[in-house]
K.L.:
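One structure coming up, written as structure tokens, with questions to follow.
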Amino acid sequence: KSTSQRIARDLIQTIQPDTILPSRATTEAFIRQVSEKDGGVSAWLPDELGVTISQIYTQTFMHGLEELLLTLYAGDEYRYERVSAPAIIIRRPYLNILGAATPESVALAGPAATVGGLLPRFGVVLPATLPTARPALAAQDLSAPRAQLIQHLRALQGLRMTTDTVHYDADSLRVLNAAEMTLAGGPSLQQRLPTMLYKVAGLSALSRGDITANQGDAESAVKVVARWADGAARLQPYLRRKPQELEFEGNLQQALAILQSLGGEAHRSQIARRLEVKKTTLDTVEATLKDRGLLETTSFKGGKTWKSS
């Protein structure tokens with residue numbers, strides 16, 4: 001996630017460096033920064049968005065941030081009144097957020113995040129499994145593709161000065177409508193994804209220098225939004241769990257990872273030394289993994305052997 005953010009930040013700084021907002025700021029400072037753009041684009045790239053979102057629902061002083069972000073998302077004017085200073089007014093906002101977070105940090109918000117209007121407005125990318133470890137390899141020179149991408153993005157950036165309408169042909173609407181019906185009635189975190197189908201298809205058309213979305217644009221949009229739908233579905237269970245449950249699930253995954261690193265079979269004491277939890281917790285971890293069919297154990301005098309199954 002950090003690498004993705006660095007790539008995005010590099011591109012933004014190259015194309016339009018004055019758009020990037022500070023990663024951390026008070027709410028008033030954040031409002032002032034966005035107001036200074038006055039119709040320009042703002043990019044916020046917080047490296048721990050999950051903590052910020054959880055604080056919105058758990059810390060009283062952060063509650064106003066949700067209203068602010070929802071207003072800016074809608075593109076509406078926002079007025080911030082101050083007692084001893086003139087009001088700060090945000091006009092014609094174009095706020096983009098690319099935040100990095102762990103599912104556990106977002107989960108600190110609890111079920112409140114699923115009924116609020118903020119989190120469903122994010123496209124969630126949450127892989128089913130972490131990528132496998134890879135050895136270091138010589139990287140190819142990416143300077144030429146990077147230069148081409150920057151040139152393409154600058155051309156796309158110029159379209160916002162001349163284009164304010166995107167059209168959809170019959171084939172694109174057929175594909176988008178079918179995908180919308182599939183998403184309709186999904187979990188709360190997927191509420192906004194049907195609308196995003198059309199937005200992404202429109203952006204795909206603009207990236208080709210066209211103002212009419214075709215079937216290819218629609219199919220590309222379906223692939224993008226399907227990934228967000230999968231991510232939202234994987235994140236939803238975290239928001240229904242208590243912090244203690246999340247911690248225990250983390251212990252389960254860590255125990256399995258330790259066992260795999262030891263070749264899939266090891267003495268229980270080897271797991272205990274690395275996992276560093278109480279004996280009662282390790283007993284529960286062992287019983288749970290066995291119950292889920294992920295672990296086999298063999299007892300012998302002086303100890304017990306774990307074997308992944």
Side-chain angles (χ1 to χ4, degrees), residues 1-53 55-56 62 64-82 84-101 118-119 121-125 142-166 192 196 199-200 202-211 224:
K1 56 186 177 63
S2 298
T3 301
S4 300
Q5 273 198 310
R6 284 196 296 269
I7 293 172
R9 184 181 294 274
D10 170 63
L11 292 172
I12 296 171
Q13 285 179 332
T14 302
I15 298 167
Q16 207 168 0
D18 60 337
T19 63
I20 298 181
L21 301 172
S23 295
R24 298 185 183 277
T26 64
T27 303
E28 182 173 323
F30 185 88
I31 293 171
R32 189 185 70 254
Q33 289 274 346
V34 177
S35 70
E36 291 172 354
K37 308 303 178 187
D38 194 17
V41 175
S42 302
W44 186 33
L45 288 78
D47 57 0
E48 267 307 329
L49 180 62
V51 174
T52 300
I53 290 178
Q55 287 178 340
I56 287 175
M62 291 286 287
L65 186 59
E66 180 179 32
E67 178 193 1
L68 168 64
L69 294 177
L70 290 175
T71 302
L72 299 184
Y73 177 87
D76 296 334
E77 180 177 298
Y78 185 90
R79 186 180 184 91
Y80 180 71
E81 295 287 351
R82 296 183 292 179
S84 56
I88 304 176
I89 303 175
I90 299 176
R91 296 183 175 88
R92 299 173 298 159
Y94 294 93
L95 176 64
N96 302 271
I97 303 175
L98 177 61
L118 181 60
L119 197 55
R121 285 169 165 80
F122 285 92
V124 179
V125 178
L142 298 177
S143 56
R146 178 181 178 276
Q148 293 175 353
L149 177 58
I150 289 173
Q151 182 180 7
H152 186 68
L153 290 173
R154 281 181 171 146
L156 182 60
Q157 182 184 26
L159 286 175
R160 69 182 292 264
M161 306 302 294
T162 59
T163 304
D164 58 5
T165 302
V166 177
R192 295 280 168 169
M196 293 308 299
K199 291 185 176 182
V200 175
L203 290 171
S204 178
L206 292 174
S207 72
R208 297 184 294 102
D210 200 341
I211 61 170
V224 172

K.L.:
Are any of the side-chain heavy atoms of Ser42 and Glu36 separated by less than 4.5 Å?
P.N.:
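Sidechains of Glu36 and Ser42: no contact.
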K.L.:
Got a salt bridge between Glu81 and Arg79, using NZ or NE/NH1/NH2 to carboxylate O under 4.0 Å?
P.N.:
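Result for this pair is yes, salt bridge flagged.
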K.L.:
Which salt bridge (charged side-chain N to carboxylate O under 4.0 Å, His left out) pairs, counting each pair once, include a residue from residues 14-30, with sequence neighbours left out?
P.N.:
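Those involving residues 14-30 are Arg24-Asp47, Glu28-Arg82.
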K.L.:
Under 4.5 Å between any side-chain heavy atoms of Ile97 and Leu45, yes or no?
P.N.:
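Ile97 vs Leu45: side chains apart.
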K.L.:
Is the shortest heavy-atom distance from the side chain of Glu77 to the side chain of Ile89 under 4.5 Å?
P.N.:
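Glu77 vs Ile89: side chains touch.
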K.L.:
Would you say Ile53 and Leu119 make side-chain contact, with heavy atoms under 4.5 Å?
P.N.:
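Of all side-chain heavy-atom pairs linking Leu119 with Ile53, at least one is under 4.5 Å.
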K.L.:
Which residues satisfy the side chain to side chain contact (heavy atoms under 4.5 Å, CB included) test with Tyr73, sequence neighbours excluded?
P.N.:
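Partners of Tyr73 under the side chain to side chain contact (heavy atoms under 4.5 Å, CB included) test: Arg121, Met196, Lys199.
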K.L.:
Show which side-chain atoms of residues 143-151 pair as donor or acceptor with protein atoms under 3.5 Å away, not counting sequence neighbours.
P.N.:
unit_1, atom_1, unit_2, atom_2, d
Ser143, OG, Asp141, OD1, 2.9
Ser143, OG, Asp141, OD2, 3.2
Arg146, NE, Asp10, OD2, 2.9
Arg146, NH2, Asp10, OD1, 3.1
Arg146, NH2, Asp10, OD2, 3.2
Arg146, NH2, Thr14, OG1, 2.9

K.L.:
For Ser2, check side chain to side chain contact (heavy atoms under 4.5 Å, CB included) against everything at least two apart and list the hits.
P.N.:
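Arg6.
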K.L.:
Not counting sequence neighbours, which residues clear ring pair (Phe, Tyr, Trp, His ring centres under 6.0 Å) with Tyr78? List them please.
P.N.:
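With sequence neighbours excluded, Tyr78 shows a ring pair (Phe, Tyr, Trp, His ring centres under 6.0 Å) to no residue whatsoever.
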K.L.:
Considering only heavy atoms from C-beta outward, does the side chain of Phe30 approach that of Leu95 to under 4.5 Å?
P.N.:
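Counting from C-beta outward, Phe30 and Leu95 do come under 4.5 Å.
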K.L.:
Which pair of non-hydrogen atoms, one from Ile31 and one from Ile88, has the smallest distance, and what is that distance?
P.N.:
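What the structure gives for the nearest pair is CG2-CG2, 3.8 Å.
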K.L.:
Are side-chain heavy atoms of Leu21 and Lys37 found at a separation under 4.5 Å?
P.N.:
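Of all side-chain heavy-atom pairs linking Lys37 with Leu21, at least one is under 4.5 Å.
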K.L.:
What I'd like to find out is whether the side chain of Thr52 reaches to under 4.5 Å of the side chain of Trp44, using heavy atoms alone.
P.N.:
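With C-beta onward as the side chain, the pair touches.
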K.L.:
Under the side chain to side chain contact (heavy atoms under 4.5 Å, CB included) test, which residues partner Val41, sequence neighbours left out?
P.N.:
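Expected list: Thr19, Tyr94, Asn96, Arg160.
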